[in-house]
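Working notes, structure below.
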Protein chains: 2
Amino acid sequence: MIMHNPPHPGLIIKELCLEPLELTVTDAAKALGVSRKTLSSIINGKSNISPEMAVRLSIAFSTSSESWLNQQTQYDLWHAEQKRKELNVIKLAAA
Amino acid sequence: MIMHNPPHPGLIIKELCLEPLELTVTDAAKALGVSRKTLSSIINGKSNISPEMAVRLSIAFSTSSESWLNQQTQYDLWHAEQKRKELNVIKLAAA
DNA sequence: CCTTATGCTTAAAGCTCTTAATCATTAAAA
DNA sequence: TTTTAATGATTAAGAGCTTTAAGCATAAGG
């Protein structure tokens, strides 16, 4: 049951990882081993968290890669669910 | 904690959805509203379950789209974790 | 023999993820 | 005020994924 519009995972990175440590996007990107553009795009909601990026985040911030990718999944799913009624699918099994 | 090699979600579609209903790939693809090739590739582990496909599966088989996409996430993550040590990431926060 | 189902290949379009280089703006420091 | 650092954005590019259509060869069944 997904009812609310989940925030983009990039917002979580900014608020829960960068700001508490007073990290700049530039420095965090260096630590993560990605370009500044890549991290900037994610933080500003323009790109998604890839599986590899989830592992990078888990190393840098001592979290679980699963939590990062699950957040992305919830975000993706919410948007996919918005188009549920537009999909022309025939029900094959009853509820 | 992910320790085992999770099966590709396509295997689950085949074993838990198609076979119990004695559905052919061709017929299931028609019901899902995708090409035969698309479903065949997923079932044979060549393609992944997209968010939209998760919603299609949830409609056709009266399941939750979340469960389908979570299976894909676990699969993706397991493979990304295999390369954890190859990623050049600097730890920024302690465990 | 003919039909059906299947997996595979080719070719193509569209999208995502990533990089490097560049530019304009903002904010802080000297 | 001038200079430097950080940021968000754009452009250009390559690699890969998802999807489609069309076609081919194989296997199974009537």
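Quick caveat, the model's predicted, so the values are computed rather than measured. In the text below, chain A, chain B and the rest are named by the order of the sequence lines, each starting its count at 1.
- Nucleotide dA9(D) holds its C1' atom 15 Å from the CG atom of L39(A), rounded to whole Å.
- Of the possible donor and acceptor atoms, none in the side chain of H4(A) sits under 3.5 Å from a partner among the backbone N and O of P6(A).
- Rounded to whole Å, atom P of dT16(C) lies 12 Å from atom NE2 of H79(A).
- What separates CD1 of I42(B) from P of dT6(C) is a distance of 15 Å, to the nearest Å.
- When all heavy atoms of L77(A) and E66(B) are compared, the pair lying nearest together is CD2-CA, 3.3 Å.
- Hydrophobic cluster membership differs between L69(A) and Y75(B), with clusters built from Ile, Leu, Val, Met, Phe, Trp and Tyr side chains linked at under 4.5 angstrom.
- D76(B) places its CG atom 11 Å from the P atom of dC17(D), with the value rounded to the nearest Å.
- A heavy-atom distance below 4.0 Å to DNA chain C is reached by these residues of residues 11-29 of chain B, ordered by number: T24(B), V25(B), T26(B).
- Residue S64(B) holds its OG atom at 7.5 Å from CG of N70(B), rounded to the nearest 0.5 Å.
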What's touching nucleotides 21-30 of chain D from the protein side, N or O pairs under 3.5 Å?
none

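- In terms of the side-chain hydrogen bond (donor to acceptor under 3.5 Å, both in side chains) criterion, residue partners of K37(A) (sequence neighbours excluded) are, by chain and number, S41(A).
- Note on residues 7-16 of chain B: no pairs pass salt bridge (Lys or Arg N to Asp or Glu O under 4.0 Å), not counting sequence neighbours.
- Between the OH atom of Y75(B) and the P atom of dC17(D) there is a distance of 11 Å, rounded to whole Å.
- Under the 3.5 Å distance criterion, with hydrogens and angles disregarded, a donor-acceptor pair is assigned to the side chains of R84(A) and S58(B).
- A donor-acceptor contact closer than 3.5 angstrom links the side chains of T63(A) and W68(A).
- The CG atom of N44(A) sits 16 Å away from the C1' atom of dC17(C) (whole-angstrom rounding).
- Within residues 45-57 of chain B, the residues having any heavy atom closer than 4.0 Å to DNA chain D are, in order of number, S47(B), N48(B), S50(B).
- A close approach under 4.0 Å does not occur between any side-chain nitrogen or oxygen of S40(A) and OP1 or OP2 of dT7(D).
- Residues passing the side chain to side chain contact (heavy atoms under 4.5 Å, CB included) test with S50(B) are E52(B), M53(B), sequence neighbours excluded.
- With D76(A) as reference, Q72(A) is the one residue of Q74(A), Q72(A), H79(A) to meet the side-chain hydrogen bond (donor to acceptor under 3.5 Å, both in side chains) rule.
- E19(B) CD: more than 12 foreign heavy atoms inside a 6.0 Å radius.
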